[in-house]
Engineer: 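Here's a structure for you.
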Amino acid sequence: MIMSRIEARRDEDTVAAGPLVDRLLGGLPPEAVLTDPDVTASYAHDMASFCPAGRPAVVVLPRTVDQVRHVMRTATELRVPVVPQGARTGLSGAANATDGCVVLSLTKMDRILEISPVDRIAVVEPGVVNAALSRAVGEHGLYYPPDPSSWETCTIGGNIGTASGGLCCVKYGVTADYVLGLDVVLADGRLMSTGRRTAKGVAGYDLTRLFVGSEGSLGIVVRAVLALRPKPPGQLVLAAEFSSSAAACDAVCRVMAGGHVPSLLELMDRTTVKAVNDMARMGLPESTEALLLAAFDTTDPAADLAAVGALCEEAGATRVVPAEDAAESELLFQARRMSLVALEAVKGTTMIDDVCVPRSKLGEFVDGVERISEKHRLTIGVVSHAGDGNTHPTVCFDATDPEESRRARESFDEIMALGLELGGTITGEHGVGVLKKEWLAREIGPVGLEMQRAVKQVFDPLGILNPGKLF
């Protein structure tokens, strides 16, 4: 029913564009309303492959909460769909435009409103870039842990919308663990506050968590209260080479079963290592079948690395090399961060999966991806937040080759099916968007899907918020 209401208006899009723009200009400055088709087309999609995108009627770039409220009141009155966007670094199509929509880009709302060392919180607008926040709180001796690979460009609003993760999740958790409260503009323009700014609070339903990961389908986040931690000591990293991915995954299980708490535990397979070397000449060991990176930010990281190094050797590591200093550690961090970009250069296009499985099943999953790669005659690199079982099998293919593109999509689906078979989930941190909405229904089942649609109906009865995403 929700989708049918939106689709019923698509024939009127051309007619409605003029009145829509006029109404928007009634509460927005002219420079905040973009109508040039060549410009609006550049806002049509995020970084996901195989995700359809429509043509926006207009792009708006508000700077204030009142301007966002004006956009939503206008959209409700005219029954126009609204697609919220951050930096569009997402990988699921969650920020893709629909035909005739208002693209609501929140990148101009980029102020850090407050940093409190006593309360250990930051209050920010949604357009604040993740890395900018991290550096700002660092000046106060504080730390904002969530660090997606795109942290230099992705925004806090986008991180909240997709419940982003990152490299440090194994110790510090994901975005949802740091969102204490939100200010949200609802579909009809009302402003609602959720959560708290205190260290504890259990008043009523946890609506804050409901919005985290909702992909802009329930409301527009315009302000966030984020939890901070004391800034930890600098990390030291260990690199361990293995003759098989299975041995590397065994090492991961030994580390976690041994009670160790690394600040990072990442896996790069042979394909990924080679891709990084080809792109940046990093000097990583291409003779290895799997490279495991472990880091500690404790008061004695060298001792922790020695203990983990011994476990890696017990699991069959052929070589264990601890970084000597922070500079060497940073080089290894950079090699890991550039993995997905490097894999994209292999064939020009990638489909990046983010299946998460129980750690105990990680080895089975990686072996299964290798079989899928051989079956479809495709290059599939695997890079993984191994410490929490979150993997990124990355299918490399030539998008100009229809046959190869078909095999890429089939392999992507088989990887998700494998994850579910092993007791995992179809997405650990990228979200559902357009790319995985058919698979969401398989994972949560008909009753779960019915309940989620019911929640959507309560917050967005007209179905104007990011239609066509999630389900």
Side-chain angles (χ1 to χ4, degrees), residues 145 147 165-173 232-273 276 282 284-326 328-333 335-337 339 355-370 382-393 422-424 428:
D147 63 341
L167 274 63
C168 69
C169 297
V170 61
K171 179 174 182 177
Y172 291 105
Q235 299 184 89
L236 279 183
V237 182
L238 169 150
E241 302 174 39
F242 292 86
S243 58
S244 70
S245 293
C249 293
D250 179 35
V252 170
C253 293
R254 290 171 185 257
V255 169
M256 301 310 293
H260 298 281
V261 188
S263 54
L264 173 148
L265 192 57
E266 299 285 309
L267 175 68
M268 300 165 65
D269 72 353
R270 177 187 67 248
T271 300
T272 306
V273 169
V276 171
M282 295 290 290
L284 298 176
E286 291 191 17
S287 59
T288 185
E289 289 295 314
L291 185 68
L292 188 65
L293 304 179
F296 285 88
D297 58 6
T298 54
T299 54
D300 188 6
D304 290 310
L305 289 180
V308 166
L311 291 175
C312 288
E313 289 174 344
E314 290 175 14
T318 56
R319 190 180 179 208
V320 176
V321 182
E324 293 186 358
D325 52 31
E328 279 191 20
S329 296
E330 183 59 29
L331 282 175
L332 290 169
F333 287 146
R336 168 59 187 87
R337 285 189 184 278
S339 294
V355 170
C356 190
V357 297
R359 296 185 196 97
S360 58
K361 299 292 185 180
L362 187 60
E364 291 179 55
F365 181 78
V366 174
D367 286 345
V369 171
E370 184 174 353
V382 177
V383 61
S384 172
H385 308 307
D388 53 25
N390 191 181
T391 69
H392 295 302
L422 294 175

Engineer: The test is side-chain contact (heavy atoms from CB on, under 4.5 Å); show your working for His260 and Leu311 and say whether it passes.
Structural biologist: CA-CA 11 Å; His260 298 281; Leu311 291 175; 3.7 Å; yes
Engineer: Please enumerate all residues that pass salt bridge (charged side-chain N to carboxylate O under 4.0 Å, His left out) together with Glu370, with sequence neighbours excluded.
Structural biologist: none
Engineer: For a 4.5 angstrom cut-off between non-hydrogen side-chain atoms, does Leu265 reach Val255?
Structural biologist: yes
Engineer: Can you sort out the partners of His392 under ring pair (Phe, Tyr, Trp, His ring centres under 6.0 Å), two or more places apart, ordered by chain and number?
Structural biologist: His385, His430
Engineer: What pairs of residues pass the side chain to side chain donor-acceptor pair (under 3.5 Å) test when at least one of them lies in residues 239-249, not counting sequence neighbours?
Structural biologist: Glu241-Arg319
Engineer: List the steps and the verdict of side-chain contact (heavy atoms from CB on, under 4.5 Å) for Thr271 and Val382.
Structural biologist: CA-CA 7 Å; Thr271 300; Val382 177; over 6 Å; no
Engineer: List the residues meeting side chain to side chain donor-acceptor pair (under 3.5 Å) with Asp269, not counting sequence neighbours, and say none if there are none.
Structural biologist: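 Only Thr272 meet the side chain to side chain donor-acceptor pair (under 3.5 Å) criterion with Asp269.
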Engineer: Mind checking what makes side chain to side chain donor-acceptor pair (under 3.5 Å) contact with Glu313, not counting sequence neighbours?
Structural biologist: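 With neighbours one apart ignored, the set is empty.
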Engineer: Quick one: side chain to side chain donor-acceptor pair (under 3.5 Å) partners of Asp388, sequence neighbours excluded?
Structural biologist: none
Engineer: Name every donor-acceptor pair, under 3.5 Å, that has one atom in a side chain of residues 356-365 and the other anywhere in the protein, sequence neighbours excluded.
Structural biologist:
{"unit_1": "Arg359", "atom_1": "NE", "unit_2": "Gly387", "atom_2": "O", "d": "2.2"}
{"unit_1": "Arg359", "atom_1": "NH2", "unit_2": "Gly387", "atom_2": "O", "d": "3.3"}

Engineer: What pairs meet the salt bridge (Lys or Arg N to Asp or Glu O under 4.0 Å) rule with one or both residues in residues 243-265, with sequence neighbours excluded?
Structural biologist: Asp250-Arg254, Arg254-Glu314
Engineer: Which heavy atom of Phe242 sits nearest a heavy atom of Ala315, and at what distance?
Structural biologist: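 Heavy atoms of Phe242 and Ala315 come nearest at CE2-CB, 4.3 Å.
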Engineer: Mind checking side chain to side chain donor-acceptor pair (under 3.5 Å) for Ser263 and listing every partner two or more places apart, or none if nothing turns up?
Structural biologist: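 Counting only residues at least two positions away or on another chain, Ser263 forms a side chain to side chain donor-acceptor pair (under 3.5 Å) with Gln235.
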Engineer: So Arg337 and Asp147, side-chain contact (heavy atoms from CB on, under 4.5 Å) or not? Walk me through it.
Structural biologist: CA-CA 10 Å; Arg337 285 189 184 278; Asp147 63 341; 3.2 Å; yes
Engineer: Can I get a per-line list of side-chain donor-acceptor pairs under 3.5 Å for residues 292-308, giving both atom names and the distance, sequence neighbours left out?
Structural biologist:
{"unit_1": "Asp297", "atom_1": "OD1", "unit_2": "Lys171", "atom_2": "NZ", "d": "2.6"}
{"unit_1": "Asp297", "atom_1": "OD2", "unit_2": "Tyr172", "atom_2": "OH", "d": "2.5"}
{"unit_1": "Thr298", "atom_1": "OG1", "unit_2": "Asp304", "atom_2": "OD2", "d": "2.5"}

Engineer: Step by step, would you call Met256 with Val170 a side-chain contact (heavy atoms from CB on, under 4.5 Å)?
Structural biologist: CA-CA 10 Å; Met256 301 310 293; Val170 61; 4.0 Å; yes
